[in-house]
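Presented below is the structure to which this report refers.
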Amino acid sequence: MSRSLKKGPFVDEKLYRKVERLNTSGSRTPIKTWARACTIVPEFVGHTFQVHNGRSFPDVFVTEDMVGHKLGEFSHTRMFRGHTNKKEGLKRR
Amino acid sequence: MPRIAGVDIPEKKKIRYALRYIYGIGPKFADAILSEAGVDAEKRAADLTENEVTQIATVIDATYIVEGALRRQMQQNITRLRDIRSYRGDRHRRGLPVRGQRTKCNARTRKGRKKTVAGKKGVKG
């Protein structure tokens, strides 16, 4: 079920203020954040975020197309390197 | 035989059912189109007058995206998700379910026919 329109999009307050501050000063330094659930608003475009995925902070450069998505959608939390080959798997053990 | 929305030629069925043969039109839209065009929904497609057919076609053209245009739009939406490297785009790329369904078992629609793996539970290796 989608979010009630009455509430508007969820934007992390602190992160938003930080972006505003960077926008007024014109700086584009990467912003480290844990706010994966934060919706990307137009003000974020052009900034680089380092979005926590539980382990590290992959760089997410925000483009216009990403507006309306959440930051977490671009910072994957799982890594799948393929299934183990049976022989290989046994050798490793 | 009447021809609506490009190549589609629905046949001797009642028009409200015949319209569903157009890609992008289901039960709901079929009835909505007919009530807006002012055409009797129970009439057979073949019995429609020239005028009624044009009326239906105009309503569809004006309000609905069907057939090729719809397919193209869907494709574009998916391509967009892929291009921005989002999680959903990634799932599309890998041919796995996009909306968080389980993949331990089932998910066969997206994953295709079963690929049997030797040595896995239940399969004698």
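In what follows, chains are A, B, ... by sequence order, proteins preceding strands, each numbered from 1. The basis for the numbers below is simple: all heavy atoms, side chains too, and nothing from hydrogens, waters or symmetry mates.
- Under the 4.5 Å side-chain criterion, counting only non-hydrogen atoms from C-beta, Arg108(B) is in contact with Lys114(B).
- Taking a 6.0 Å sphere around CZ of Arg110(B), one finds it holds more than 12 heavy atoms contributed by other residues, nucleotides or ligands.
- Note on ring orientation: taking the six-membered ring where Trp is involved, the planes of Trp34(A) and His52(A) are tilted (angle from 30° to 60°).
- Sequence neighbours left out, not one pair with a member in residues 17-43 of chain A passes salt bridge (Lys or Arg N to Asp or Glu O under 4.0 Å).
- Among residues 60-75 of chain A, the residues having any heavy atom closer than 4.5 Å to a heavy atom of chain B are, in sequence order, Thr63(A), Asp65(A), Met66(A), His69(A), Glu73(A), Phe74(A).
- In this structure, the portion of Asp90(B) lying under 4.5 Å from any heavy atom of chain A is its side chain and not its backbone.
- Between Leu81(B) and the choices Arg91(B), His92(B), Arg93(B), the side chain to side chain contact (heavy atoms under 4.5 Å, CB included) rule is met once, by His92(B).
- Once rounded to the nearest 0.5 Å, the distance linking CD1 of Ile33(B) with OG1 of Thr58(B) reads 11.0 Å.
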